Amino acid sequence: MDDRSADSDPVTAGESSILDTLGEDVIRIVSPVSLCMLLVVLLVSSLSSTNDLSSSISSLFLSSTTTPTSFSSLNLLLLGSDSTWEEIKSALVTAFSFVVVVTLLTFLLVLLFYFRCTNFLRIYMGISSLFVLSFLGGFISLLLISHFKIPIDPFTFAILLFNLSVVGVFAVFMPKFPISVNQGYLVAIGVLTAYWFTMLPEWTTWALLIAMSLYDLAAVLLPIGPLRLLVELAMSRNEEIPALVYEARPVDPQPGDRVRVWRERTDVRIEATENSTNSANVQTVQETRLAVSEEITAPLIEAFPQTGDRHLGTEEEEDGIGLGSSGAIKLGLGDFIFYSVLVGRAAMYDYMTVYACYLAIMAGLGVTLLLLAVYRKALPALPVSIMLGVVFYLLTRVLLEVFVVQCSSNLLMF
Amino acid sequence: MTVAAGVGYVLIALGPALSLFASVIAKKPFLILTLLSSTLFWLISLIILAGAWRAFLPVKSTELWPYSILILTSVGFQEGIRIGFWRLFKKMEDMLNAFADRVSKPRLFLTDKMLLALAGGLGHGLAHAVFFCLSLLTPAFGPATFYVDKCPSIPFFLISAIIALGFVIIHTFSMVIAFNGYTEGKRKDQIFVPFAHLIAALITLINLVPGGCNIGLPLLCIMAGTTLYYSWQLVWRRLTEHQTTRSSD
C-alpha cells in the first residue's frame with residue numbers, strides 16, 4: 001500500500017498533525033485583504049446606480065485640490081464621452097503625474113526621516129488618517145444614507161462621525177490599543193480610500209494601477225529607490241518607520257513565549273513607502289511594503305545576508321512566514337487599497353471579472369509571500385498581484401465571458 | 001426577483017459547499033489555501049478552454065453536434081488536467097512530509113490526505129458554481145425573473161442553481177475518489193471519475209431539447225448522488241482497512 005511510514009491514526013495517537021497550524025499566518029493576511037475587497041465590491045455595486053456624471057461631479061467636488069483627478073473629470077465633463085484615444089491620453093498623463101508626485105513625496109519622507117523629524121511624521125499621519133476617516137468616511141456615509149434612505153438627523157450623524165474618526169486615529173497610532181480594533185480601523189481606512197479611487201474614470205484607474213506597480217517595483221528594488229533608502233535608514237538606526245501598516249498578529253496572544261517575543265521585539269523590519277492620494281493639502285501616508293518581523297535573536301545587520309549567507313536561516317526557518325509562532329506578516333495599507341481598487345473597478349463591469357481578479361490577486365499575494373520566504377528581504381507587494389489581476393481581467397472579459405454565457409444560457413455545464 | 005430570491009438561489013447552489021467549508025475546511029488554514037489554489041487552477045483551465053473555443057463561438061446553430069463536441073473536449077481537457085493536479089498534489093505531500101520531519105511532527109495522516117483531496121475538489125466545485133451560476137445571478141437580485149425558451153416551466157436561475165449544486169457535489173467527491181484511485185492504483189476508481197464527469201456533462205445536453213430540463217435535472221441529481229455514494233463507500237472501505245492494518249500491527 002502506501003510506503004509512507006507512521007500513518008498513525010490521529011484519534012488514538014492524540015497528536016495533532018502539521019495540517020492544523022500550517023499556513024495560519026498566511027490566512028491571517030488573506031482574510032483582511034479579502035474582507036477589504038468584499039466591502040469595496042459591495043460599496044461599488046450598491047452605489048453604482050448613480051450615473052457617471054454625478055459621480056464625476058462628486059469626485060470633482062471632493063478633490064478640488066487634486067489636480068490630476070479634477071483634470072480628468074473636468075475633461076470628461078467638458079468633452080462628454082471622449083473618444084478612446086483622448087481618454088487613454090488623459091489617463092496616461094494622470095498616471096504619470098501621480099507617480100511623479102508620489103516619488104517626490106517619498107524622497108521628502110526619506111529626507112525627513114534622515115533628519116529625525118519622526119514626531120512631525122507621526123503627527124502628520126495622524127492628521128491624514130483623521131482626514132480620511134472623517135471626510136471620506138462622512139462623504140461615503142452620506143452617499144449610503146441618501147441611497148438607502150436611512151433616517152438619521154444631522155446631529156447624530158455628526159456626533160457618530162466625530163467619535164468614530166477620533167477613535168480611529170487613536171486606534172491606528174496608540175501602541176497599546178487592542179489589536180482587533182487597530183486592524184478593523186486599518187481595513188476601514190483601506191476601504192474608504194479604495195472606494196474613493198474607484199470613482200476615477202476607467203482608463204485612468206488602470207493606467208494608475210499599472211504605473212503604481214511599476215513604481216513599486218523600482219522604488220523597492222533599485223539601489224536609488226526611495227523606499228529602499230528608507231528601509232536601510234530605518235535598519236541602520238534600529239527604528240520603526242511611522243507608517244500605516246497592517247500587522248497580521250493574532251487577536252488573542254497565546255500564552256507562553258509568543259507574548260514574550262512580541263514584547264521584546266526591538267528590531268522590526270518595516271519597509272515603508274509613501275503614497276500620496278491627494279495633492280498638497282491632503283496627504284495620506286501609507287506603506288506598500290511587505291515585511292517580516294524578526295526574532296530578537298537575529299541582529300538586524302545580519303538579517304540582510306549580503307553575500308547570500310544563509311546560516312542564520314536554520315533556526316529561523318521554523319519561525320518563518322506562515323509556519324511558526326513569531327513571524328508576523330506586515331502588509332502596507334497601500335497594498336490593501338490598490339488591490340481593492342482593482343477588484344472594485346472589475347466590479348463595475350461584471351461579477352465574473354470580480355471573481356477572476358480576486359483569485360488572481362490572491363495568487364499574486366501567495367507568490368509574493370513565497371518570494372518573501374525565499375529572499376527574506378523587503379519586497380514590493382503590488383507588482384505581481386496587479387499584473388496578474390490585469391491579465392486575468394482582460395482574459396476574462398475577452399475570452400471567458402463569451403464562453404460561459406454561451407454555455408450556461410443553453411444550460412450546458414460541465 | 002428581489003434580494004431574497006437572489007440569496008436563495010446562491011444558497012441553493014452553494015449551500016452544501018458552504019457547510020462543508022464552515023465545518024471542515026475553515027478549521028485548518030492550509031485547507032483554505034488548498035481550496036483557493038484549486039479554484040485558481042480550475043479557472044485557468046476554463047480560460048484555456050475558452051481561448052481554444054473563442055474562434056468558434058458564438059455557436060448559432062441549434063444542432064446537437066457542435067455542443068457535444070464542446071462538452072467532450074472540455075471534459076476531456078479537465079480530466080487530463082486532473083492528473084496534472086494529482087502530480088502537484090503528490091509533490092506538495094512530499095514537501096509537507098519533509099517539513100513535518102524537520103519540525104519533528106508526525107507525517108501526514110490518511111485523513112489529512114483525504115481532507116486535502118476534499119479541499120481540492122471543493123475548490124473545483126466552487127469555481128464551477130461561481131463562474132457558471134453566480135456570475136449570472138446578478139439580474140436575479142432585481143425585480144423580475146427570466147425563463148429560457150427551451151425550459152418554460154422553471155426559472156433560468158433556479159435551473160442553473162440546481163445544476164451548479166449537482167456539479168459541486170460531483171466535483172468535490174470525484175476528486176476524493178480520483179486521488180484515492182491514483183494513490184492506490186485501482187483501475188476501477190480511476191475510470192469512474194472521468195466517466196461520471198462525462199455522463200453528467202452529457203446529461204446537460206438533454207437541456208437543449210425543448211422540455212428536456214424536466215428530465216435532465218433529476219438525472220443530474222441522481223448522478224451527483226451516485227458519486228456521493230461511491231465516494232462514501234470508498235472512504236469507508238479505506239478507513240476501515242487502515243484501522244485493521246493498524247490494529248493488527
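In this text, all values refer to a predicted model and were calculated from it rather than measured experimentally. In what follows, every chain begins at residue 1, and chains take the letters A, B, ... in the order their sequences are listed.
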Where B:N207 and A:N410 come nearest, the two heavy atoms and their spacing
CB-O, 4.3 Å
What distance separates B:L43 CG from A:L395 CG, expressed to the nearest 0.5 Å?
9.0 Å
Provide the closest heavy-atom pair for A:A363 versus B:L40 in the form atom of the first, atom of the second, distance.
CB-CD2, 3.4 Å
May I ask you to name which of B:G185, B:A200, B:A100 has the most heavy-atom pairs under 4.5 Å with chain A?
B:A100
Non-hydrogen atoms of chain B under 4.5 Å away: do they reach the side chain of A:L359, the backbone, both or neither?
both
Where does A:L412 contact chain B at under 4.5 Å (heavy atoms): side chain, backbone, both or neither?
both
Chain A contact via B:I44 - which portion, at a heavy-atom distance below 4.5 Å:
side chain
Can you say whether B:V148 sits under 4.5 Å from chain A via the side chain, the backbone, both, or neither, judging by heavy atoms?
side chain
For residues 31-55 of chain B, pull every pair meeting salt bridge (charged side-chain N to carboxylate O under 4.0 Å, His left out), keeping only residues two or more places apart or in separate chains.
none
Can you pull out the residues in residues 73-80 of chain B with any heavy atom less than 4.5 Å from chain A?
B:S74, B:V75, B:Q78
Side-chain heavy atoms of B:W53 within contact of A:V402, under 4.5 Å:
no
Determine whether B:L36 and A:V30 make a side-chain contact, defined as any pair of heavy atoms from C-beta on separated by less than 4.5 Å.
yes
Measuring from B:T204:OG1 to A:M413:CE, what's the distance to the nearest 0.5 Å?
8.0 Å
For B:L205, is it the side chain, the backbone, both or neither that has a heavy atom under 4.5 Å from a heavy atom of chain A?
both
B:I170 versus chain A, heavy atoms under 4.5 Å apart: side chain, backbone, both or neither?
neither
Quick one: disulfide bond (SG atoms under 2.5 Å apart) partners of B:C213, sequence neighbours excluded?
B:C151
Is there a side-chain contact between A:L22 and B:L33, using heavy atoms and a 4.5 Å cut-off?
no
Can B:L208 and A:L411 be said to form a side chain to side chain contact (heavy atoms under 4.5 Å, CB included), step by step?
CA-CA 7 Å; B:L208 282 175; A:L411 297 175; over 6 Å; no
Tell me, do B:L46 and A:L400 make a side-chain contact under 4.5 Å, heavy atoms counted?
yes
What part of B:I47 lies closer than 4.5 angstrom to a heavy atom of chain A: side chain, backbone, both or neither?
both
Would you give the length of the straight line joining atom CZ of B:F132 to atom CZ of A:F414, rounded to the nearest 0.5 angstrom?
4.0 Å
Closest heavy-atom pair and its distance - A:F403, B:A50:
CB-CB, 3.6 Å
Could you tell me the separation between the CG atom of A:L399 and the CG atom of B:L49, rounded to the nearest 0.5 Å?
11.0 Å
Can you say whether B:F167 sits under 4.5 Å from chain A via the side chain, the backbone, both, or neither, judging by heavy atoms?
side chain
Roughly how far apart are A:C407 SG and B:F131 CZ, rounded to 0.5 Å?
14.0 Å
For B:L96, which atoms come within 4.5 Å of any heavy atom of chain A: side chain, backbone, both, or neither?
both
Which of residues 350-358 of chain A get closer than 4.5 angstrom to chain B, counting heavy atoms alone?
A:D350, A:Y351, A:M352, A:Y355, A:A356, A:Y358
